[in-house]
Engineer: 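After the structure tokens below, expect a handful of questions from me.
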Amino acid sequence: MYGLIHAALRDLILEDHGVETWNQVVLQSGVPSNSFLTMRSYSDETTMALVDAASQVLMLPTNDCLQVFGHYWVARFAPKEYGGLLDHTGGSLIEFFQNLDALHDRLSTSFTEFKPPSFKVKINTANSAVIKYVSSRKGLTPFVIGIITGIGERFDTAIHIDAVDSSNSDQGEVSDILISMASNG
Ligand code: HEM
């Protein structure tokens, strides 16, 4: 994946755990020190080696690590450089979810080699929806869950994940994520 994703993981660990922990993660991952150029695309193995190393050093299961990372990505990292894009992605929570493909489409002129995920929203009731996540990769559904809860915070809404139904194939991963939403006021 693009080095932007690696840079975000690095910033999360630097900000929340410090430079010594980050140095341990890099050492443990075995990835070259030039794997963090934001606009360069790296192999997914490099990305997953960093996530696995973070999970070992922080002693957190990989899925928990991905979830924390997803939350950090949308709540603290993306707003720094891409705040305008996030602001234009939707005026409501549901609209934001419906526009996730458009968000990644807008980035495709800068990230020419990227393979973004795709999302579809099925509204059940005013407070409940299914978000279908389709990826050419496997194992990133917990990252999506972290992002979804972070997006809820942008709209002052607590999001509860009621059920996750994932399936893997050679093509990647598809997950139906059933959410319920409660406005914080
Ligand atoms: C403005 C903010 C955002 C930027 C700049 C951005 C950019 C990117 C980039 C560069 C990648 C790497 C793809 C590759 O290298 O092939 C990526 C992947 C991904 N993005 Fe975004 N993204 C943003 C917001 C979001 C949001 C709000 C979601 C919501 C769920 C999301 C979900 C994902 C997921 C799940 C992946 C992993 C790839 C996969 O699932 O196959 N992104 N994004």
Side-chain angles (χ1 to χ4, degrees), residues 1-33 35-36 38 41-80 93 97 100 104 114-120 128-154 157-182:
M1 276 202 265
Y2 267 89
L4 183 71
I5 307 287
H6 301 173
L9 184 62
R10 176 193 61 200
D11 287 4
L12 160 62
I13 295 175
L14 282 175
E15 285 169 26
D16 289 0
H17 302 277
V19 68
E20 280 174 25
T21 306
W22 173 244
N23 289 340
Q24 264 178 280
V25 171
V26 176
L27 197 68
Q28 170 84 27
S29 71
V31 310
S33 57
S35 304
F36 303 93
T38 53
S41 180
Y42 301 94
S43 74
D44 287 353
E45 286 72 27
T46 301
T47 312
M48 288 324 288
L50 285 168
V51 171
D52 287 341
S55 134
Q56 283 167 36
V57 171
L58 299 175
M59 290 188 287
L60 258 187
T62 308
N63 285 354
D64 293 6
C65 232
L66 281 168
Q67 208 168 316
V68 169
F69 181 31
H71 183 271
Y72 175 84
W73 168 258
V74 77
R76 290 163 63 192
F77 187 85
K80 285 189 257 180
L93 185 57
F97 288 136
L100 286 173
H104 282 112
F114 88 156
K115 294 186 283 171
S118 177
F119 296 89
K120 281 197 178 57
S128 148
V130 177
I131 298 178
K132 184 183 275 292
Y133 159 66
V134 181
S135 172
S136 58
R137 303 175 170 95
K138 291 177 196 165
L140 294 178
T141 297
F143 179 63
V144 175
I145 290 172
I147 301 183
I148 287 176
T149 55
I151 295 171
E153 289 164 19
R154 286 183 69 83
T157 300
I159 296 188
H160 187 263
I161 308 294
D162 294 323
V164 180
D165 180 8
S166 297
S167 58
N168 280 338
S169 72
D170 290 346
Q171 276 77 48
E173 184 159 297
V174 177
S175 297
D176 282 329
I177 304 167
L178 173 63
I179 61 166
S180 50
M181 298 160 274

Engineer: So, using side-chain hydrogen bond (donor to acceptor under 3.5 Å, both in side chains) as the criterion, who are the partners of T47 when residues are at least two apart?
Structural biologist: H6
Engineer: List, one per line, each side-chain donor-acceptor pair under 3.5 Å for residues 58-73, sequence neighbours excluded.
Structural biologist:
from : atom 1 : to   : atom 2 : distance (Å)
H71  : NE2    : E153 : OE1    : 2.9
H71  : NE2    : E153 : OE2    : 3.0
Y72  : OH     : E15  : OE1    : 3.2
Y72  : OH     : E15  : OE2    : 3.0

Engineer: Is there side-chain contact between L140 and Y133, with at least one heavy-atom pair below 4.5 Å?
Structural biologist: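 Sidechains of Y133 and L140: in contact.
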Engineer: According to side-chain hydrogen bond (donor to acceptor under 3.5 Å, both in side chains), who are the partners of S136, at least two apart in sequence or on a separate chain?
Structural biologist: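 side-chain hydrogen bond (donor to acceptor under 3.5 Å, both in side chains) check on S136 returns nothing, list empty.
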Engineer: Under 3.5 Å, which donor-acceptor pairs link side chains of residues 170-180 to any protein atom two or more places apart or in another chain?
Structural biologist:
from : atom 1 : to   : atom 2 : distance (Å)
Q171 : OE1    : S169 : OG     : 3.4
E173 : OE1    : G139 : N      : 2.8
E173 : OE2    : T141 : N      : 3.4
E173 : OE2    : T141 : OG1    : 2.4
S175 : OG     : T141 : OG1    : 2.7
S175 : OG     : S166 : OG     : 2.7
D176 : OD1    : K132 : NZ     : 3.2
S180 : OG     : D162 : OD1    : 3.4
S180 : OG     : D162 : OD2    : 2.9

Engineer: Can you name the residues that form a side-chain hydrogen bond (donor to acceptor under 3.5 Å, both in side chains) with D16, not counting sequence neighbours?
Structural biologist: R76
Engineer: Just verifying a value: how many Å separate S128 OG and H160 NE2, rounded to the nearest 0.5 Å?
Structural biologist: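 These two atoms lie 12.0 Å from each other.
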Engineer: Could you grab the distance from atom CZ of R154 to atom CG of L93, nearest 0.5 Å is fine?
Structural biologist: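 Reported to 0.5 Å precision, the distance equals 11.0 Å.
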Engineer: Would a 4.5 Å heavy-atom cut-off, applied to side chains only, mark R10 and W22 as touching?
Structural biologist: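 Yes, close enough: below the 4.5 Å cut-off.
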Engineer: What distance separates I131 CD1 from I148 CD1, expressed to the nearest 0.5 Å?
Structural biologist: 4.0 Å
Engineer: Can you check side chain to side chain contact (heavy atoms under 4.5 Å, CB included) on R137 and M1, steps first, answer last?
Structural biologist: CA-CA 10 Å; R137 303 175 170 95; M1 276 202 265; 3.4 Å; yes
Engineer: By side-chain contact (heavy atoms from CB on, under 4.5 Å), which residues pair with V57, not counting sequence neighbours?
Structural biologist: T21, Q24, V25, Q28
Engineer: Does the side chain to side chain contact (heavy atoms under 4.5 Å, CB included) test come out yes or no for F119 and F97, once each step is laid out?
Structural biologist: CA-CA 8 Å; F119 296 89; F97 288 136; over 6 Å; no
Engineer: Taking all non-hydrogen atoms of both residues, which atom of Y2 and which atom of F114 are closest, and how far apart?
Structural biologist: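 Closest pair (atom of Y2, atom of F114, distance): CE1-CB, 3.4 Å.
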